[in-house]
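Beneath this line is the structure, given in structure tokens, with notes to follow.
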Amino acid sequence: MPLAVDEVKDHLRGVAAGLLTPFDENGEIEHWKIEENAQSLYDSGLRSFLAAANISEYHSLTQNERVEVTEAALDGLPSDACVLAGVGGSTASAQELIRAYDRLGVDAHMIMPPDHTYVHEQGLLDYFDDLASVTETPFVPYIRAFEPSVDFLADLTQLENVVGVKYAIKDPVKLGAAVAAGSDDVVWVNGLAEPYAVSFWGEGIEGFSAGVSNFRPEVGLELFDALTAGDWERARKLRNICLPYQNFRDRTGQGNTLKGAISVPAVKKGLELAGYHGGNVREPIRSLSPQEAAEAEELYYQLDDEIDRLVH
């Protein structure tokens, strides 16, 4: 049975790990690795999980594969875990995906950022309404890669089914204004991971998605506890030890000028170094070069030392 709405909101007030999609050398999905990663991350203390998300290479998956990776996540987790599944694309395709996820029993739908070249704010609100017409399952819209107005964000919180907003815009002032203008009954989640956890918390964020916490969940859990307790000094220290690896994820990679191109393979490398399953990537993403892989390993062990100092 999916979680009740209040239970979903409680889970959003925490750390949400993205479940990456492990591909083999032929680009085929190794579903059992998703299950094992989910089980291990749950055992570490995490309770909220993002399936078929951006970090899961959503746009490189077919509709059927999105359903399959989400099913693998659900198979690997007990009933008290919260699974949000990524939904996007045309209205008809998104509705089809929502119905498939509902048959699996997901706890919430994470509505992906619009991938249209041209987007109208009122049209986007209509899109969310149309998606809500086919389900009673909670929605968590993912706001990233476009610049909506404060009015839009406030209106978004008033929509049927919306229980949370995953905010991934590097603008804490707009966040604070939107939280103040929006519904008090919606949970705001930081979609930019540990680097923005401290600054966004002061603007009304109550949870965050994992960055390095995808493979070292203890640092995210400790950071969340420090924020909840108002221990800002400790929170900043925990945030700071995440920055070198997170900054590495922002890099373009070799032979490329597009920022963040190595973000997903960098997390997959971190998963492997931490004893989880990482796997290969699909195009248009490329794997780390040998030099980048070596740098990721060096940064990982630097993070490991800092975790031993601050957490263990």
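In this text the structure is predicted, and so the values were computed from the model without any measurement.
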Parallel, tilted or perpendicular, as decided by the 30° and 60° cut-offs, for the rings of [Y] and [X]:
X: His109; Y: Tyr101; result: parallel
X: Tyr196; Y: Phe200; result: tilted
X: Phe128; Y: Phe152; result: tilted

Check the surroundings of atom NE2 in His120: do more than 12 heavy atoms from other residues, nucleotides or ligands lie under 6.0 Å from it?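 Count not over threshold, so no.
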
Taking the side chain as every heavy atom from C-beta outward, state whether Tyr167 and Lys174 have any pair of such atoms under 4.5 Å apart. yes

Close side-chain approach of Val165 and Val189, heavy atoms under 4.5 Å: no

Report the distance from atom [atom1] of [X] to atom [atom2] of [Y], rounding to the nearest 0.5 Å.
X: Asp130; Y: Ile98; atom1: CG; atom2: CD1; answer: 10.0 Å
X: Ile143; Y: Leu124; atom1: CD1; atom2: CG; answer: 7.0 Å
X: Leu46; Y: Tyr42; atom1: CG; atom2: OH; answer: 11.0 Å
X: Glu297; Y: Gln302; atom1: CD; atom2: CD; answer: 13.0 Å

So which of Arg216, Glu295, Lys269 actually passes side chain to side chain donor-acceptor pair (under 3.5 Å) with Tyr300? Arg216

Can you find a side-chain donor-acceptor pair between Glu30 and His277 that sits under 3.5 Å?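 The criterion, which ignores hydrogens and geometry beyond distance, is not satisfied for His277 and Glu30.
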
